[in-house]
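Computed from a predicted model, the values in this text were never measured in an experiment.
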Amino acid sequence: MQASIQSKKRGRPKLDVIPLSRERIVAAAAQVLATGAADVSMRAVASELGVHVMALYHYFRDKQALLDAMVEQAFAPLYDLRPQLLELTTAEHRLRLLASTYLGCVAEAVPLTRHLALQDGAPLTTMFNSLFDTAVGSGSPPSAAKAAMRDVLVDYLHGVALAGANHAAKALKVGWPVLMGGLKPYLVPTSATEGADPTCHV
């Protein structure tokens with residue numbers, strides 16, 4: 001009888017196997033998306049982990065909190081990028097650094113990026129837009145042109161990411177001159193120093 005009662009307990013992680021943690025839950029959520037799921041539900045993540053769904057709420061208040069944690073982990077390099085962008089003196093080199101950093105994240109998290117693209121994109125879209133504004137600089141083009149330039153860059157990077165993490169960086173290097181050929185007319189020099197930047201090796 002005691003064994004039967006214990007078997008009905010719910011809402012607790014299987015600590016006797018592998019302790020549940022935020023990291024394990026985030027990894028399981030990423031795996032759910034990698035299988036082609038259209039959404040990352042708390043129930044699907046719980047099933048992936050082999051625990052009752054209520055166990056997840058000890059770590060995340062809801063699905064959005066879990067999704068935010070996934071973005072924070074997958075796109076961590078972007079959170080510390082602004083100071084590096086500000087060290088570069090040309091918009092082109094700042095855009096190159098932003099593009100290569102973002103591409104590296106996307107190439108490692110294509111299912112998550114696809115899922116975000118099908119939603120409103122926040123909070124990743126907000127963060128990328130802010131970094132893009134920093135990269136373009138104070139001499140940025142009118143808002144409509146800037147938005148179009150940003151969209152072209154993002155679409156290009158998402159396409160390149162499909163080459164896979166091992167080939168994405170090379171694909172960006174090969175295609176960058178062509179991409180910049182279309183974007184350069186929108187990049188207004190911000191100062192007399194706007195020119196070759198020998199410190200940029202991205």
Side-chain angles (χ1 to χ4, degrees), residues 26 30 64-65 67-202:
V26 168
Q64 185 58 50
L67 186 61
D68 290 346
M70 295 173 68
V71 172
E72 183 175 348
Q73 177 177 295
F75 294 88
L78 292 180
Y79 287 85
D80 300 320
L81 191 62
R82 193 179 308 278
Q84 300 176 53
L85 292 175
L86 294 175
E87 291 178 357
L88 302 176
T89 59
T90 72
E92 180 177 350
H93 287 132
R94 290 191 293 268
L95 284 172
R96 180 67 181 270
L97 177 58
L98 172 59
S100 61
T101 304
Y102 181 73
L103 177 60
C105 296
V106 172
E108 294 287 352
V110 171
L112 174 59
T113 305
R114 183 185 299 114
H115 175 71
L116 293 171
L118 294 174
Q119 309 300 318
D120 60 6
L124 180 59
T125 298
T126 300
M127 178 169 56
F128 183 90
N129 291 352
S130 177
L131 291 172
F132 181 85
D133 288 344
T134 298
V136 172
S138 59
S140 60
S143 57
K146 184 166 64 175
M149 181 170 67
R150 184 186 63 229
D151 291 346
V152 167
L153 178 60
V154 169
D155 288 345
Y156 176 81
L157 295 175
H158 287 173
V160 170
L162 296 178
N166 294 332
H167 303 287
K170 182 178 180 180
L172 176 62
K173 182 178 181 179
V174 172
W176 187 256
V178 176
L179 179 65
M180 286 309 302
L183 299 184
K184 263 187 175 181
Y186 297 103
L187 300 180
V188 180
T190 57
S191 70
T193 61
E194 189 85 356
D197 188 347
T199 65
C200 183
H201 302 288
V202 179

- line: Interatomic distance, CG@Leu162 vs CG@Leu157, rounded to 0.5 Å, equals 11.5 Å
message: To the closest 0.5 Å, what do you measure between CG (Leu183) and CE (Met149)?
response: 6.0 Å
Any His158 side-chain heavy atom under 4.5 Å of Val110 side chain: no
- prompt: Going by an N to O cut-off under 4.0 Å, is there a salt bridge joining Lys146 and Asp133?
  reply: yes
query: Which residues satisfy the ring pair (Phe, Tyr, Trp, His ring centres under 6.0 Å) test with Tyr156, sequence neighbours excluded?
result: none
- prompt: Is any side-chain heavy atom of Val160 less than 4.5 Å from a side-chain heavy atom of Trp176?
  reply: no
task: For residues Ala109 and Ala74, report the shortest heavy-atom separation together with the two atoms involved.
output: CB-CB, 4.0 Å
- prompt: Are the side chain of Ser100 and the backbone N or O of Leu97 linked by a donor-acceptor pair below 3.5 Å?
  reply: yes
task: Measure the spacing between CD of Gln73 and OH of Tyr79 and express it to the nearest 0.5 Å.
output: 11.0 Å
task: Kindly give the heavy-atom pair with the smallest separation between Val26 and Ala69, and that separation in Å.
output: CG2-CB, 4.0 Å
query: Stepwise, does the side-chain contact (heavy atoms from CB on, under 4.5 Å) test hold for Val106 with Leu112?
result: CA-CA 8 Å; Val106 172; Leu112 174 59; over 6 Å; no
task: Would you indicate whether the side-chain heavy atoms of Leu116 and Thr125 approach each other to under 4.5 Å?
output: no
- prompt: Of the non-hydrogen atoms in Leu98 and Ala135, which two are nearest, and what is the gap between them?
  reply: CD2-CB, 4.3 Å
- prompt: To the nearest 0.5 Å, how far apart are OG1 in Thr134 and CG in Leu88?
  reply: 12.0 Å
query: Any side-chain heavy atom of Tyr102 sitting closer than 4.5 Å to one from Leu131?
result: no
Point-to-point distance, once rounded to the nearest 0.5 Å, from CZ of Arg150 to CG of Asn129: 4.0 Å
query: Roughly how far, to the nearest 0.5 Å, is the CZ atom of Arg96 from the CG atom of Leu172?
result: 5.0 Å
- request: Please name the pair of heavy atoms, one in Phe75 and one in Leu124, separated by the smallest distance, quoted to 0.1 Å.
  value: CZ-CD2, 3.5 Å
message: Please give me the minimum heavy-atom distance between Ala99 and Leu153, naming the atom from each residue.
response: CB-CD1, 4.3 Å
Audit row: Arg94, Thr89, side chain to side chain donor-acceptor pair (under 3.5 Å) steps and yes/no: CA-CA 8 Å; Arg94 290 191 293 268; Thr89 59; over 6 Å; no
field: Considering all heavy atoms, the nearest Ala91-Val136 contact
entry: CB-O, 3.7 Å
